[in-house]
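Reviewing the structure listed below.
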Number of protein chains: 2
Amino acid sequence: MIRTNHDFIIYIDKLRKKGSYEIDEQVFAPKTMILKQDRRYSSVYLIREGIAKCYITDENGKEFIQEFLGQGMEFGELEIFSNKLTICSVTSVSELKVYSFPHSTYRALLKEDPTFNGLVMKALADKIRYKAPRHSYQHSYPIEDNILRLQKLFPELTEVLPKKDIANYIGVTTRSLNRALKELKQKQDNPK
Amino acid sequence: MIRTNHDFIIYIDKLRKKGSYEIDEQVFAPKTMILKQDRRYSSVYLIREGIAKCYITDENGKEFIQEFLGQGMEFGELEIFSNKLTICSVTSVSELKVYSFPHSTYRALLKEDPTFNGLVMKALADKIRYKAPRHSYQHSYPIEDNILRLQKLFPELTEVLPKKDIANYIGVTTRSLNRALKELKQKQDNPK
DNA sequence: TTGGCCTTGGGACAAATGTCCTTTTAATTA
DNA sequence: TAATTAAAAGGACATTTGTCCCAAGGCCAA
């Protein structure tokens, strides 16, 4: 659920030490909106520390969380390739330290640095791989199963995140999430 | 719903004429399974003509269709970057003509041909962009709206594809699809 | 041409989820 | 500390969707 990419962050740390490219450092307070859906920006971000949520808001104001981004994940990179507006909003969950690449730098790196190029390519491929089974799983299994799976993978998250976010991630209403949680508790207290 | 990528096919056509890389041509009969989920393959495919469906099958045997691939779309490429097993099965819908790249050729092209590299990068980015809003939309709107949207975008598909596929694409059962279709028809016959 | 098989369509009921609201609890600020 | 706001929990009901059937029609192979 919280995605990470260590190889990427390690490589960028190295790059920065060399200092041949402009890579800025930035810190955002918790709950800061960093990218807003349907806008245009001129930087790509890479998370050095902290967690961000990446989500789409529909016309009715419902949020649908795409993924939680952790160390080494980038955002704002899709717009490099398509020159379209952002599809997702990105907000910091905890305090967030990021590297930010001006588009020009990012483009230069893609061209001139084969390792960087490869890392970006792999990061894109991983995002695709990750999304495919997720939505299929959420469709095919009841809410309870989705919660259990989540709690197993990221026990800490359930305590850090507001219920609303968890519900939005699973793609259900808060009410339904609560109902499922209650039933789960009953089953655990009174097994079978 | 049927995705395409013309720039890509145009460029590969050009490449093939030059003949410096091994790019084979292959034809599959309708309803042929080309890739099977959780296997390993040694080629990447690019569609020259026809339509394929790309889907995940879960433990209960339910299919969930990821996308329909048309001209210029590639499949089997994710495994180049992560060396993992395929996540999707791919089956031809109509007769399918493809170019197939041995992994070695594909890798060589990525390294040596910047245009190819860029096209692949963009193709990956587009797949991500495309998936995000789709699942969010399907969650937030009733089946009827999803059908209407689909009929508007691809009126031809509704006639070519079996109902089961359409249902699997929207992520509902055939029963629910039928129900929605019936209600739609009633509304049209007897408006308001 | 007939029997099997698959697709389509739909009835009846069960289960899951959403909507709307109210109450409770915790957190924040004046 | 009191007052205000926000988050969490849940009751009651409506709606949606799924499950399990069965029947009708088309298509193919024997």
Side-chain angles (χ1 to χ4, degrees), chain A residues 29-33 53 55 57-65 91 93-94 135-151 157-190, chain B residues 29-33 53 55 57-65 91 93-94 135-151 157-190:
Chain A
K31 299 187 192 176
T32 310
M33 173 160 291
K53 68 169 175 175
Y55 58 101
T57 312
D58 69 19
E59 305 84 65
N60 313 319
K62 280 189 207 163
E63 284 185 8
F64 192 85
I65 294 182
T91 301
V93 171
S94 53
H135 292 109
S136 136
Y137 190 93
Q138 288 182 350
H139 260 284
S140 321
Y141 291 89
I143 301 182
E144 279 192 31
D145 293 34
N146 276 291
I147 297 175
L148 286 174
R149 176 155 152 275
L150 221 151
Q151 287 180 336
L157 249 204
T158 336
E159 280 141 44
V160 179
L161 282 181
K163 286 279 167 66
K164 204 165 160 299
D165 280 351
I166 296 179
N168 287 338
Y169 179 76
I170 300 183
V172 298
T173 59
T174 317
R175 183 69 194 89
S176 300
L177 177 65
N178 271 328
R179 196 159 20 214
L181 281 171
K182 196 185 172 193
E183 275 157 22
L184 267 180
K185 206 184 289 171
Q186 282 179 356
K187 280 183 195 166
Q188 284 165 1
D189 292 353
N190 190 352
Chain B
K31 299 189 193 176
T32 309
M33 173 159 294
K53 68 170 175 174
Y55 59 100
T57 313
D58 69 18
E59 306 84 65
N60 313 319
K62 280 187 207 165
E63 285 186 7
F64 192 84
I65 294 182
T91 302
V93 171
S94 52
H135 292 111
S136 135
Y137 190 92
Q138 287 183 349
H139 260 285
S140 323
Y141 291 88
I143 301 181
E144 279 192 28
D145 292 37
N146 276 291
I147 297 174
L148 285 174
R149 177 156 151 273
L150 220 152
Q151 287 180 336
L157 250 204
T158 338
E159 281 143 43
V160 179
L161 283 181
K163 286 277 167 68
K164 204 164 162 297
D165 280 350
I166 296 178
N168 286 338
Y169 179 76
I170 299 183
V172 298
T173 59
T174 317
R175 182 70 192 87
S176 299
L177 178 67
N178 271 329
R179 196 159 21 216
L181 282 171
K182 195 185 172 194
E183 275 158 21
L184 267 180
K185 205 184 291 171
Q186 281 179 356
K187 280 183 194 166
Q188 285 167 3
D189 291 353
N190 190 352

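Just so it is clear: chains get the letters A, B, ... in the order the sequence lines come, proteins before strands, and each one is counted from 1.
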Worksheet item: In the 5'-to-3' direction, what one-character label does each nucleotide of nucleotides 11-22 of chain D receive under the scheme B = base within less than 4.0 Å of a protein heavy atom, S = sugar-phosphate only, - = no such atom?
Response: BB----BBBB--
Practice prompt. Considering non-hydrogen atoms only, spot the tightest contact between B/A180 and B/I143 and give its length.
Written response: CB-CG2, 3.7 Å
Response to the item:
Heavy-atom nearest pair, A/Y55 first then A/T91, reads OH-OG1, 2.9 Å
Between [N] atom [atom2] and [X] atom [atom1], what is the distance in whole Å?
X	N	atom1	atom2	answer
A/D165	D/dA6	CG	P	16 Å
A/Q186	D/dG10	CD	C1'	12 Å
B/I147	C/dG9	CD1	P	11 Å
A/D58	C/dG18	CG	C1'	14 Å
A/I170	C/dA16	CD1	C1'	14 Å
B/Q138	C/dT17	CD	C1'	17 Å
A/L161	D/dA8	CG	C1'	15 Å
B/N178	D/dA24	CG	P	17 Å

Worksheet item: Which pairs pass salt bridge (charged side-chain N to carboxylate O under 4.0 Å, His left out) with one or both residues in residues 136-148 of chain A, sequence neighbours excluded?
Response: A/E144-A/K187
Quick one: list whatever passes side chain to side chain donor-acceptor pair (under 3.5 Å) with [X], sequence neighbours left out.
X	result
B/Y141	A/E59
A/T174	none
A/H139	none
B/E63	B/K53

Worksheet item: Per the end-axis method with five pairs at each terminus, what is the bend angle of the helix from C/dT1-D/dA30 to C/dA30-D/dT1, to 10°?
Response: 40°
Distances for protein N/O vs nucleotides 22-24 of chain C N/O pairs under 3.5 angstrom?
none

Discussion item. Quick one, B/Q151 and B/L181 - any side-chain contact, counting heavy atoms below 4.5 Å?
Written reply: yes
Worksheet item: Heavy atoms, side chains only, cut-off 4.5 Å: are B/Y169 and B/N146 in contact?
Response: no
Discussion item. Less than 4.0 angstrom between a side-chain N/O of B/K163 and OP1 or OP2 of C/dG9, yes or no?
Written reply: yes
Worksheet item: So how far is it from A/Q186 CD to A/L184 CG, rounded to the nearest 0.5 Å?
Response: 10.0 Å
Worksheet item: side chain to side chain donor-acceptor pair (under 3.5 Å): which pairs involve residues 175-184 of chain B, sequence neighbours left out?
Response: B/T173-B/S176
